[in-house]
Colleague: 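First the structure, which I've put down as structure tokens, then a few questions once you've had a look.
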Amino acid sequence: MFADGWTVKYSKFLVTFSEVKVLDGTSAVAALPRPIVVNHVTPGVKALASFPGLETGRYGVEYAIGPVADALLLPGVDAADFATMKTNGWSLWIVGTASKGGVTKSFSWGFSTNTKLVDCEGELNGKTELGTVVTSGGTDAIELTIHGDHFFYDDLQDPAAKTRFQHLADADIGANGAAGDGVITQEELAAVKLVDIPAEKGKFGIGGASSVKDLGAFVAFLSRTVGHFRGEGECHVQIQK
Amino acid sequence: MTKHSLGVALVLAVSVAACSDDVTSGKKVVLATDVSLAPASATGGKGGAAFLNDAGWQVSLDKVAIAGAALNYYSGAPLLAFHHAKPTLLERLSGLVEGTAYAHPGHYSEGDTLGEMLTPFDAEFAKGSVKLANGTGITGTFRSARFTFDGTRTLAGKAGATVYLAGTATKDGVTRLFTATATQAEVVDVENLPRVEGCSFTPAGGISDGVAVTDNGTIHLQVAPILWLSDVDFSDAAAGTEPTELPPESRARRAFVRNLKGAAAFQFSYEKSSSSPRELHSHRHETFLPSRRAVPYCRFVARLLERRNWQCLRRHVGGRVY
């Protein structure tokens, strides 16, 4: 449950993993041969690839979440859904409902962002490790983790940012201020300027992100932050588009 | 045989990124400093002191003044993270390629401290570049910077102002003469500090992965007020023949104040000097830094001035830094 009492349930959470690489310095020693689309509504950890035969040593890990023309679809991803993503140039597509006190809102938001996540580091055996360390005869399972709650943070910079939905629900309004239809569109989000959100609903600070002026851009910016490493581990975010 | 496998998972969780406080050693350098407007050429002809903002107002600025307490330079990636080969200056200044240094909400990862200019200043630079005091640093790749506002100075007769703009806005035959002023309290970040972090360090006309500072030189700070006024609707400003301040609770002023927190308005670059190096000197700065900065700062100072780290730390218990 979010800080403002809303709960969100996804019915689709499609993510395109592209450019997954294991690096020795700046040179890739292993890479996904083909982008992979995953539906995270399907429970559990999904295997992406296995790279046997690496020399022992430390390797960097990076990956991208970006739109692609061709991909391997893991179980749970409909070909028709991927066709929709491809047509719209989306790398991420989330569909779901949010509920609070008998009110339900639905949403279907696609994002054409292309975000590269580099210099990933995460906790391994109680220590924060950059990338991965392959030991002699050993195996390291790397988890590329997607944080599904990030779309709903109420600040782009505040470490104490909370997940909320009320500001998004309020974007659903009909013509001339009439009641909304229960479906929150990205066009409706883009129509809400951050400067017009009353202070009592939150600051919706943008930190240094000067270009973020409306809720549509705010959520799109947050969509770039879903990619993580080994659970809570972090990667540097680079924007490719 | 070794094997390396990859998997993915969906989790719902939150954490906060930590900052690195390591210090990279390098050769000491003196860094002259100046501040100027980001030129019109950098914003597709819409920048400088005259531009068309997103609300359709043609704005001409007569005064652009800021009060600064410090400039700090770091090795960490800026909030603007470019990754395609040649983003234009317009893209940079319009923030089209902004990113976060780390994925969770939180302050950006500044990395190593590489330099600073700690002499407070106020500067009005609508008509041209203004020289600031010299700063110091060590050689290395400067990737990002922090601008700290100073609320103790007077801009255009307004005590405590940190930013002051004056100009004319015209749209559909309507003209507004305006001033826009912000105080230190209005420009604080999420940690309640009057600063803008994660500003970009980029080579002139270029991009990408920071600037190699190799010797004494000049740090150029270019400020883009077009970004502060980008979505300001001057309809909120009072009509009249004398400039008036944007009304306190107006949407126009709220937009202006929000925009002051954007990193894209502060662009840093470096120009290598051909002049002979000057001696570094130490002097007391009555400056307070957050206590979490004292240790890395002292490591930096110790290397810079070839002093012992403990001598610095002894002075700074509680966060006071000389």
Side-chain angles (χ1 to χ4, degrees), chain A residues 13 17 20 22 30 38 40 44-54 56 116-117 132 134 136-149 153 155-159 161 193-196 205-211 213 224-225 227-228 231-232 234-241, chain B residues 1-18 54 76-84 93-109 189-191 196-199 224 227-228 230-231 251-252 254-255 257-259 261-266:
Chain A
F13 196 120
F17 290 89
V20 180
V22 177
V38 173
H40 280 299
V45 175
K46 298 92 177 168
L48 289 186
S50 181
F51 301 131
L54 294 178
T56 58
K116 193 165 186 175
L117 299 125
T132 182
V134 176
S136 179
T139 298
D140 182 21
I142 296 173
E143 186 176 289
L144 309 180
T145 312
I146 299 301
H147 288 198
D149 57 343
Y153 275 128
D155 199 290
L156 302 185
Q157 188 179 30
D158 190 347
K193 305 303 179 192
L194 298 179
V195 71
D196 292 328
I206 57 171
S210 307
S211 63
K213 304 288 189 188
R224 295 188 185 278
T225 74
H228 286 257
E232 291 295 310
E234 300 273 10
C235 308
H236 283 279
V237 175
Q238 294 182 333
I239 294 180
Q240 306 197 108
K241 177 194 168 195
Chain B
M1 173 82 65
T2 57
K3 191 172 77 170
H4 196 108
S5 62
L6 295 174
V8 291
L10 170 65
V11 298
L12 297 174
V14 61
S15 71
V16 177
D54 294 343
L79 282 163
L80 301 170
F82 307 107
H83 205 64
H84 58 92
L93 288 171
S94 62
L96 292 175
V97 284
E98 285 168 334
T100 51
Y102 273 124
H104 277 114
H107 61 81
Y108 86 113
S109 178
D189 67 5
V190 294
E191 294 183 24
V196 177
E197 296 191 295
C199 305
L227 298 182
W228 294 339
S230 61
D231 55 348
R251 185 180 188 277
R254 290 202 311 273
V257 170
R258 280 187 73 89
N259 294 339
K261 296 164 187 173
F266 296 96

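Just so it is clear, the values below take in all heavy atoms, side chains as well, and ignore hydrogens, waters and symmetry mates. Per chain, numbering begins at 1; letters A, B, ... match sequence-line order.
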Colleague: So, do B/Arg258 and A/Leu194 sit near enough that their side-chain heavy atoms are less than 4.5 Å apart?
Modeller: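 In contact.
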Colleague: What pair of heavy atoms forms the shortest contact from A/Lys213 to B/Leu227, and how long is it?
Modeller: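 In terms of heavy atoms, the two residues are closest at NZ-O, 4.2 Å.
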Colleague: With side chains defined as the heavy atoms from C-beta onward, is the minimum distance between B/Arg251 and A/Val195 less than 4.5 Å?
Modeller: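 Yes - at least one pair of side-chain heavy atoms lies under 4.5 Å apart.
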